[in-house]
Every structure is written in C-alpha cells, then in structure tokens.
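Below is one structure, written out as structure tokens, with a few remarks after it.
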Amino acid sequence: MQSFGDMQSMTSNIFSAYASVAASMMLFRSMAHDIIPEPIKSYIVSAFTRIFSYFFTPLSTHITMVVDENSGMTRNQIYESAEIYLHTKINPNTGRVKVSKNPKKKNISLSMEKNELVIDSFSSIELKWQFVLEVPENQKDHFQPEKRYFELSFNKLYRETVLNEYLPFVMKKAKEIKEKDRNVKLYTRDCPYSYSDDDEDGGNGSGVWGCVNLDHPVTFEKLAMDPEMKKQIIEDLDRFVRRKEYYKKVGKAWKRGYFLYGPPGTGKSSLIAAMANYLKFDIYDLELTSLYSNSELKRTLLSTTNRSIIVIEDIDCSAPMLNREVEPEPSDTKLTLSGLLNFMDGLWSNCGDERIIIFTTNHKEKIDPALLRPGRMDMHIHMSYCTPAGFDVLALNYLAIHDHPKLFPDIKGLMQEVKVTPAEIAEHLMRNENAELALEGVVDLLKRKKAEKSPVQETNAGTEVQEEAKKEAKFEKIVKSLKSFRKKSSRGKSKRV
Ligand SMILES: Nc1ncnc2c1ncn2[C@@H]1O[C@H](COP(=O)(O)OP(=O)(O)OP(=O)(O)O)[C@@H](O)[C@H]1O
Ligand SMILES: [Mg+2]
C-alpha cells in the first residue's frame, strides 16, 4: 500500500512533468512560429497532449461514480438506498439539510440539500457523497424533468471494495432502516379500500384484500404470559427468519404454523399483533366463513404477500364447513377442510416465502385432529388465565408500578384461588388513574369472583357471559355468511342461465 509521503511525491512528479511538457509545448509553438504551417503545428501539439494524458491520467487519485435517480424506466435501487442510508450520515457539520415529517411516520426525517456533501467512512476508506439537482434551464419545459443524482468520490485504489462491499452494505443498511420505519399492515377481505399510506406501495391493497395500518402498540414486553413460553416463541420466530438457506437445503417450504388456544381474553389476538410488530410482518385476517369454495380460498391465499402472517381466528366456529365427517366428494365448489389442508401442505409450498399461519380457538377439543397433526402446526401455544408473573407485567404496563407492600400480595394470593383473565385485570387497572384505587378495584373483582365461585364457574371463572355473547356473535356471523353465500350462488346460477 502507498504511504501518504509516496502519494505526495507522486503528485509533485506529475505536476513537474505536466509543467515541463506545457513549457516545451509553448517553446515549440514560439520557435516553430514561422517555419511549420499552422495545421501541422496543431496536429503535433494535440498528439503530444494525447500521449501525455494517456500515460498520466491513470495516476489521478480519485474516481467519481454517478448514481442516477433512474435506471432506464425504473428507479435505480442504489439511488434509493443511498437516499435512505445518507439520512443517517447527516451530521452537525452539514451546511443545509431538508427536514420533513410524514403524518404516519414516528420521526422527523432529514435529507440532503442540493450540492451538500456528506462524508462517510467504510473500512477506513473515505467516501464523499454529493447530492446534485439539475433544474432544466427553461423552467416551463414540463417535458424535461429535474435530474437528481449522487456523486460518490473516493480513492481509485478502493474501486473494487466500493463496488463489491461498500455499495451492497449501503443497500443492506437502507433495507434495515426501511423495515424499522415501516408500518405493519392489517389486511382483511371486509375492507374494500386501502387506508395505508406507506410510500412503498402507494397504499394499494393486494388483490381481494383491503388494508389499514395495524397501529397496535402491543409488544412482547407488554404481554402477560408465561415468561418461559414467551422466550420460546421469540426464539422460534428468530430461528425461523434466519433459516432461509436451511429450509431450502432440507427441501421444506419456508413457513411456520402456530396454533393458539385458550379462553377468551387471554391474549391470543394480542400475541398475534405482538408477533407481527416484532417481525414487521403484515397480517392477513382470513374469515373462513366469508369464503364459499376451495378455489376462492386458493385465490385468496395466493394473493397474500411474502413476509406475512395469515390468521384464521376461532377456527372452531368454521367447524360446520370444515367437518371432515360430513365432507362431500373432493370438489372446488365447496370450502372443505381437505381444501385448506391441501393448500397448506401442497400448493402452499410453491408460493411465497417467509409465511406464518396462525389458527386460534377457544375450544381445542372441537378441532379436527387432522389440523393439529404433528408437522402441520409447528407450535401449540396455550394462552391461559393470569398468573402472578403475568400480573406484574400488567401492573407495570398499566400503572407503571413494580410492587405494592399490601395489595400485590393480596392480589397474587387471590389469583391462586380464582381464575381471572388478563383482559379482566387489564380492564380494572385502567379504571382508575390512582394506582392504589385501581389495585383495590382488582382486589374487589377477585373477592367477588371468589364469593360467586360455584362448581360450574370454577372451570370458567367468570368468562361464561363473555363466552355466551361470543358464541351468539359467531352464530350471527355464520348465518350472515351463509346468506351471502346463497345470494352469491343464486347470482351465479342466474348468470349461467
Ligand atoms: N396476555 C395478555 N397480556 C396483556 N394484555 C392482555 C392479555 N390478554 C388480554 N389482554 C388485554 O385484553 C384485551 C383482549 O385480549 P385479546 O383480544 O388478545 O384476547 P383473545 O384471547 O384474543 O380473546 P378471544 O378469544 O375473545 O379472541 C387486549 O386488548 C389486552 O388489552
Ligand atoms: Mg382474539
């Protein structure tokens, strides 16, 4: 590697060579003034200049790469990545910066102003980025848009390192930043329009799905559940996302299935939202009762995107449709359990990557064993009543307290005697801003439950009313979807006639 001293002496040699050639040229011009005709004189001078630059130009130390905004008809990925990456490199020495904030984004974002320089370093290579904006001379000329590009300058010696290591690094970093800032979306089939205004897709839903931003603040830290189980789930998710090559090697589709079961209000839906927020995966909420055939199911699932979680909640409520005992001949005109299983095992394998599928139920015993067969759902997660450790999480989350000398032991003691869901506790903790009063509310709730405890209630611990209301709501939903199914099929018939 050349030292700074070597480079300096090389540069001064080039200058002195250049100066002596320039001086010789001038001398040649003046001496040959009368003797040689002008065209021949110009030819000799330009030939000398070309020979000189051929030998000396490669010794110029720096190279500038131009990163245009567009590459042909499409956006240049390097430009896009540089734009995002350089936001993080703007420092107090930068003269002018652009500031903006999108209503849906959490943070203010900074970007480079015209002609500003940002200096970056990578493996001790100094890299200078300059943002250039060329406005057409005639402002009224709408056909000639502004031209934006970055100029990236660095020492020529590192050309290969920049191309093979630095630019891929910039692209990777930009992808990470984008992922972190991205809104997780919730897709449903009920919502015909999209209300998400993320830049990357212009807010368009995909196919039959409409979407909104999930905006669900729940994270794993806020979930009251068995700490060991929580740890296992996080590890499982981490392993899943980093094992792309492994799945390919063993010839398995890169997907993972979770089966969540437990009484209402124990956090099944909250856990799904926490998983989506953790992985930054979108959620597709699939209502099986709104589908009427296997082919519609296939179409619907095929129009979901990669890096997503497909959720089928309350799968037991789809039991009438997914009951194998009353299942008709294999057919695409009806929605059947085989249709769902075939899709998961077969077709599914060939479509898309990084998919998670989650089923939830309040009644594990009602589920067809085929759905729970080993290998189909990779992890069975039991969400249960609130434990003392779960209560600590809720108290910290809702009241920002770690302990109370009297009320914490009272509550935890009573929790050993009656069953209470995290949803019930959460509701009582939210009733009062005063922590002491809120905790007393929880003590009252638990005491009431204890007093009311009867053999029947013992198994369901006060959730029966909720259960009944839920069953009724589900029943209504099924009736509604059957009606719409009838409407659809009669429409289909009349079309055919
Ligand atoms: N384990 C939990 N940790 C923290 N909060 C919880 C938990 N379980 C329930 N909650 C609170 O109760 C509310 C309802 O819970 P959630 O909808 O997740 O329950 P669920 O198990 O999906 O119920 P269902 O079976 O009725 O769908 C949540 O919004 C949250 O505020
Ligand atoms: Mg739920």
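The structure presented is a predicted model; accordingly, all values stated were derived computationally and were not measured. Whatever order the structure lists ligands and atoms in, that order sets their numbers, starting from 1.
- Ligand 1 has an N or O atom lying under 3.5 Å from an N or O atom of Ala224, backbone or side chain.
- In this structure, OG1 in Thr361 is found 10.0 Å from CG in Leu260, a value given to the nearest 0.5 Å.
- The shortest N/O to N/O separation between Ser270 and ligand 1 falls below 3.5 Å.
- Of all the atoms in ligand 1, the ones that sit under 4.0 Å from a non-hydrogen atom of Lys268 are 18 (O), 19 (O), 20 (P), 21 (O), 22 (O), 23 (O), 24 (P), 25 (O).
- Cation-pi check for Lys364 over Tyr261 is met; the charged atom lies under 6.0 angstrom from the ring centroid and within 45 degrees of its normal.
- None of the N, O or S atoms belonging to Thr360 lies under 2.8 Å away from the Mg ion (ligand 2).
- Contact record, Glu69 with Arg75: OE2-NH1, 2.7 Å, taken as the closest heavy-atom pair.
- Taking every non-hydrogen atom of Pro264 and a distance limit under 4.0 Å, the qualifying atoms of ligand 1 come out as 23 (O), 24 (P), 25 (O), 26 (O).
- Below 4.0 Å from some heavy atom of Tyr398 lie the following atoms of ligand 1, by number and element: 31 (O).
- Listed by atom number, the atoms of ligand 1 under 4.0 Å from Leu394 heavy atoms are 4 (C), 5 (N).
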Pair up each side-chain donor or acceptor in residues 399-409 with any protein partner under 3.5 Å, not counting sequence neighbours, and list the distances.
from: His404; atom 1: ND1; to: Lys406; atom 2: N; distance (Å): 3.2
from: His404; atom 1: ND1; to: Leu407; atom 2: N; distance (Å): 3.0
from: His404; atom 1: NE2; to: Glu436; atom 2: OE1; distance (Å): 3.2
from: Lys406; atom 1: NZ; to: Asp410; atom 2: OD2; distance (Å): 2.6

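- Considering backbone and side-chain N/O of Leu223, none are found under 3.5 Å from N/O of ligand 1.
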Which atom pairs, donor and acceptor, lie under 3.5 Å between side-chain atoms of residues 234-245 and protein residues at least two apart or in another chain?
from: Asp236; atom 1: OD1; to: Arg239; atom 2: NH1; distance (Å): 3.4
from: Asp236; atom 1: OD1; to: Arg256; atom 2: NH2; distance (Å): 3.0
from: Asp236; atom 1: OD2; to: Arg256; atom 2: NE; distance (Å): 2.9
from: Asp236; atom 1: OD2; to: Tyr258; atom 2: OH; distance (Å): 2.5
from: Asp238; atom 1: OD1; to: Tyr278; atom 2: OH; distance (Å): 2.8
from: Asp238; atom 1: OD2; to: Tyr278; atom 2: OH; distance (Å): 3.2

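- Using a 4.0 Å cut-off between a side-chain N of Lys or Arg and a carboxylate O of Asp or Glu, Arg307 and Glu179 qualify as a salt bridge.
- Remark: Arg189 engages Glu296 in a salt bridge, criterion side-chain N to carboxylate O under 4.0 Å.
- At a heavy-atom cutoff of 4.0 Å, ligand 1 is contacted by the backbone of Lys222 but not by its side chain.
- By the 3.5 Å distance cut-off applied to N or O atoms, Asn362 is counted among the residues near ligand 1.
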